[in-house]
Trainee: 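Here's a structure for you.
The analysis underlying the following values was restricted to heavy atoms, covering all of them including side chains, and did not include hydrogens, waters or symmetry mates. Keep in mind the model is a prediction, meaning the values are calculated, not measured.
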Amino acid sequence: MSTLSNPIAVYAKRRAAIGRALIKAGGGVAVLPTAPESPRNRDSDFPYRHDSYFYYLTGFSEPGAWLVIEARGKAVKSTLFCRPKDLEREIWDGIRLGPEAAPAQLGVDAAFSLDTLDAQMPELLANQPAVWFPFATHKGLETQVDGWLGQVRARVRLGAECPQSQHDLCKPLDEMRLVKDAHEIGILRRAGAISAGAHVRAMQTSSAMLRNGVPGGLREYHLEAELLHEFRRHGSEFPAYTGIVAAGANACVLHYRAGNAELKAGQLCLIDAGCELEGYASDITRTFPADGRFSPAQRILYDIVQASQEAAIAATRPGNRFIDPHNAATRVLVEGMLDTGLLAKAKHGSVDDVLESGAYRQFYMHRTGHWMGMDVHDCGDYTEPGSQPQPEKDALGQMVMRKPSRILKAGMVLTIEPGLYVRPAKGVPKKFWDIGIRIEDDALVTGQGCELMTRGVPVKAGEIEALMRA
Ligand code: GLY
Ligand code: MN
Ligand code: MN
């Protein structure tokens, strides 16, 4: 059985809510498997991670489980299929909840052994108007559902009716998951605090190891080890994503991971790392001088990125759109690019000219944030549902038709992560070459603005230096 927290009422409430959403859309049966186990080689598996949608509705983290929700008239019934008790297997793999204990433990209405799924599904689907299942997240699921529907059709002459339509269950679930409930916010805050502590530890280790010396030099993996130690020591199950620990120029590789490069005094280190806690992610980036002292050129660019993040934070409030923090950050970054000569004013013109031409993408080529929740890049529409497409310039400057950006509302969680990445290039002042900086925090949209859940690690240059001296 899972060690994750499992307040039955939270999950029952979510199942009731999705049931109501299905009824509103005409009713039917929802079918949702958890994630499969993933073999690594021979009899070794990758660490198991449940499916986020499934866990969202059950709080159950064992593999080999399915949730079926029948939503019809006013009634919503949930049935779990899970692995049966098996004393022999449990000696090797651990205790299984089993269908007998599942209703009391998870609050589902009924539970059966997974072995009976194929036999029961045609019964559950017969005489229902529609079937709902996740369309693009489970390989082979469509074929499996087709097989069950085929069995229902074979019984039509006996009076059974086959569901007439199929819908993507992710659509209504994505909308629900986008706005976090109190239970989720509590966990996200704790995950953010653990990850912030890990960044503090990595910063302090970096300056201490450089001060005291270490055989073979300070390496990126030394700091990754500190992060992982801190995550796990506070109960995190695993990192929320593959972390980045990038020495110097490596920070300009956006998807770099922690390697074995040496971190030297005078270089910056960019760390993008966050833990997963009880099924919820955190996602923090800090960039700091390996020895605790920014050089003048590093400090100039750092302060620009930090100011751009402040502008984005100020734009993260209910009623604003998802794109507003990005636009606010980009404007400040562009001002900085022109002030520092990263972009020559004579060639590129004014801030508005650069925003229009997109020349800033040489140094800032990603978006300023993404939704975050159970998944680090969480589900949820980035455009406003129900709105009409309008003409807009895409990233390459082409006119495209797009729905307007999503309106932020309290309970949404997004990251705010501007950066500057300066690769050596003609016309770029040499003192800035190979500097890569990103600052990332996780923001909960509140009634008035936003709450940063990851500020247990400092962000201002002076505060980082003070911490690393301590
Ligand atoms: N760590 C993944 C991201 O920042 O998007
Ligand atoms: Mn991120
Ligand atoms: Mn990140």
Trainee: For Thr330 and Asn327, does a side-chain donor sit closer than 3.5 Å to a side-chain acceptor?
Mentor: no
Trainee: Identify the heavy atoms of Val376 and Ala240 that sit nearest to each other, and give their distance.
Mentor: CG1-O, 4.0 Å
Trainee: Between Glu62 and Arg96, is there a salt bridge with N-O shorter than 4.0 Å?
Mentor: no
Trainee: For Tyr53 and Asp174, which I'm curious about, is there any donor-acceptor pair between the side chains at under 3.5 Å?
Mentor: yes
Trainee: Examine distances only and state if a side-chain atom of Asp442 and a backbone atom of Asp283 form a donor-acceptor pair shorter than 3.5 Å.
Mentor: yes
Trainee: Is it the case that the side chains of Glu417 and Thr415 hold a donor-acceptor pair, with the cut-off being a distance below 3.5 Å and no angle test?
Mentor: yes
Trainee: Is it the case that the side chain of Thr340 and the backbone of Gly336 share a donor-acceptor pair, with hydrogens and angles ignored and the cut-off at 3.5 Å?
Mentor: yes
Trainee: Between Glu384 and Lys403, does any side-chain N to carboxylate O distance fall below 4.0 Å?
Mentor: no
Trainee: With the threshold set at 4.0 Å, does a side-chain nitrogen-carboxylate oxygen contact exist between Glu226 and Arg201?
Mentor: yes
Trainee: Ring centroids only, cut at 6.0 angstrom: are Phe322 and Tyr382 within range, meaning strictly under it?
Mentor: yes
Trainee: So that I can tick it off, tell me whether Arg286 and Asp441 are bridged by a salt bridge, with the cut-off set at under 4.0 angstrom between side-chain N and carboxylate O.
Mentor: yes
Trainee: State whether Arg293 and Glu465 are salt-bridged, where the test is any N-O pair (Lys NZ or Arg NE/NH1/NH2 against Asp/Glu carboxylate O) under 4.0 Å.
Mentor: no
Trainee: Thinking salt bridges, do Glu356 and Lys393 make one under a 4.0 Å N-O criterion?
Mentor: yes
Trainee: Would you say the ring centroid of His366 lies under 6.0 angstrom from that of Tyr421?
Mentor: yes
Trainee: Would Asp291 and Gln267 satisfy side-chain hydrogen bond (donor to acceptor under 3.5 Å, both in side chains), going step by step from the backbone distance to the final call?
Mentor: CA-CA 8 Å; Asp291 59 353; Gln267 276 184 329; over 6 Å; no
Trainee: Are Glu224 and Arg219 close enough for a salt bridge, meaning some N to O gap below 4.0 Å?
Mentor: no
Trainee: Salt bridge check: are Lys264 and Glu220 linked by an N-O gap of less than 4.0 Å?
Mentor: no
Trainee: Considering residues at least two apart in sequence or located in another chain, which fulfil the side chain to side chain contact (heavy atoms under 4.5 Å, CB included) criterion with Arg49?
Mentor: Ser52, Phe238, Glu276, Asp375
